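Structure, as structure tokens:
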There are 2 protein chains.
Amino acid sequence: MDIRDRIGWNLRRLRKERNFTQEEFATDSGFDRGYISGIERGVRNPSILVLARIAKALDVDVIELLDPVKAQQFAKSARGQPY
Amino acid sequence: MDIRDRIGWNLRRLRKERNFTQEEFATDSGFDRGYISGIERGVRNPSILVLARIAKALDVDVIELLDPVKAQQFAKSARGQPY
DNA sequence: GTGTGACTCCTAGTCCGTC
DNA sequence: TGACGGACTAGGAGTCACA
């Protein structure tokens with residue numbers, strides 16, 4: 001699994017756990033909604049400082065965003081689901 | 001501890017464990033030696049794909065580069081030491 | 001609510017060198 | 001052996017309109 005996908009799935013997972021829309025989270029974290037969308041889909045290549053800001057907005061450590069197991073599980077559970 | 005310092009100390013720790021010079025590691029991983037130096041010193045802001053390439057060259061998972069405990073310990077043990 | 005393409009601006013990352 | 005500088009090019013940061 002590509003590292004960008006790991007981050008993308010984990011971000012989507014953590015955001016949904018908090019019942020935020022992309023738009024709400026974008027406002028909260030100070031990013032553009034389209035940029036957040038791109039990270040969740042794994043098409044962006046964010047820098048480590050961007051990840052740190054995102055992690056802070058989610059109130060987790062950066063490592064949580066890179067968790068391969070949780071990313072995999074969430075990706076699997078999300079198959080065929082609407083966004 | 002800044003996220004860039006965590007990465008810097010962990011990179012230096014893992015590189016030294018393998019008895020590589022910055023130059024050797026730069027050649028191995030395909031990066032510029034000055035760039036590797038900058039990451040170790042925490043003055044650079046690498047993207048996640050860069051970290052993935054570095055992790056691969058070290059044969060560890062990216063998470064290892066972000067380990068806060070090991071970074072702290074190594075930073076402490078390295079106080080006053082020459083590079 | 002979200003995906004997506006196109007865009008500008010600025011920094012990441014390279015290559016050379018010196019200390 | 002590693003820190004640090006300047007000049008350069010590739011690519012990330014950040015925004016928007018439209019689907």
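Just so you know, these numbers come straight off a predicted model, no measurement behind them.
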Starting at [atom1] of [X] and ending at [atom2] of [N], how long is that distance when rounded to a whole Å?
X     : N      : atom1 : atom2 : answer
B:E23 : C:dT14 : CD    : P     : 14 Å
B:R4  : C:dT11 : CZ    : P     : 13 Å
B:R41 : D:dT1  : CZ    : P     : 18 Å
A:I39 : D:dG12 : CD1   : C1'   : 11 Å
A:R12 : C:dG1  : CZ    : P     : 15 Å
A:I36 : C:dG1  : CD1   : P     : 16 Å

Exercise. Side chain to side chain contact (heavy atoms under 4.5 Å, CB included) with A:D28: which residues, sequence neighbours excluded?
Worked result: A:F20
Problem set entry | Nearest-neighbour nucleotide for the B:K16 side chain, D:dG2, C:dG3, D:dA13 considered | D:dG2
Exercise. Salt bridge or not for A:E40 and A:R15, using N-O below 4.0 Å?
Worked result: yes
With sequence neighbours excluded, tell me which residues meet salt bridge (Lys or Arg N to Asp or Glu O under 4.0 Å) with [X].
X     : answer
B:D2  : B:R4
B:R33 : B:E23
B:D61 : A:R6

Exercise. Hey, where does DNA chain D pair up into stems, meaning at least three consecutive Watson-Crick or G-U pairs with distances under 3.5 Å?
Worked result: C:2-19 with D:2-19
Anything under 3.5 Å between a donor and an acceptor, one on a side chain of residues 65-72 of chain B, the other on a protein residue two or more places apart or in another chain? List them.
unit_1	atom_1	unit_2	atom_2	d
B:D67	OD1	B:V69	N	2.9
B:D67	OD1	B:K70	N	2.9
B:K70	NZ	B:E64	OE2	3.0

For this session: Give a yes or no on whether the backbone of A:S37 and the side-chain of A:R41 come within a donor-acceptor separation of less than 3.5 Å.
Result: yes
Exercise. Between B:F20 and B:L49, who's closer to the 5' end of DNA chain D by nearest nucleotide?
Worked result: B:F20
Exercise. Which ILVMFWY residues are connected to B:V43, directly or by a chain of links, through side-chain heavy atoms under 4.5 Å apart?
Worked result: none
Review item, nucleotides 8-11 of chain D N/O atoms under 3.5 Å of protein N/O:
none

Problem set entry | Qualifying residues under ring pair (Phe, Tyr, Trp, His ring centres under 6.0 Å), relative to A:F25, sequence neighbours excluded | none
For this session: For residues 42-53 of chain B, pull every pair meeting side-chain hydrogen bond (donor to acceptor under 3.5 Å, both in side chains), keeping only residues two or more places apart or in separate chains.
Result: A:N45-B:S47, A:S47-B:N45
For this session: Could you tell me whether A:S37 contacts a base, only the sugar-phosphate backbone, or nothing, with contacts defined as non-hydrogen atoms closer than 4.0 Å?
Result: base
Seminar exercise, completed: Each nucleotide of nucleotides 14-19 of chain D classed B (base within 4.0 Å of a protein heavy atom), S (only sugar-phosphate) or -, in 5' to 3' order, makes BBBB--
Problem set entry | Pairs where residues 26-48 of chain A contributes a residue and the test ring pair (Phe, Tyr, Trp, His ring centres under 6.0 Å) is met, not counting sequence neighbours | A:F31-A:Y35
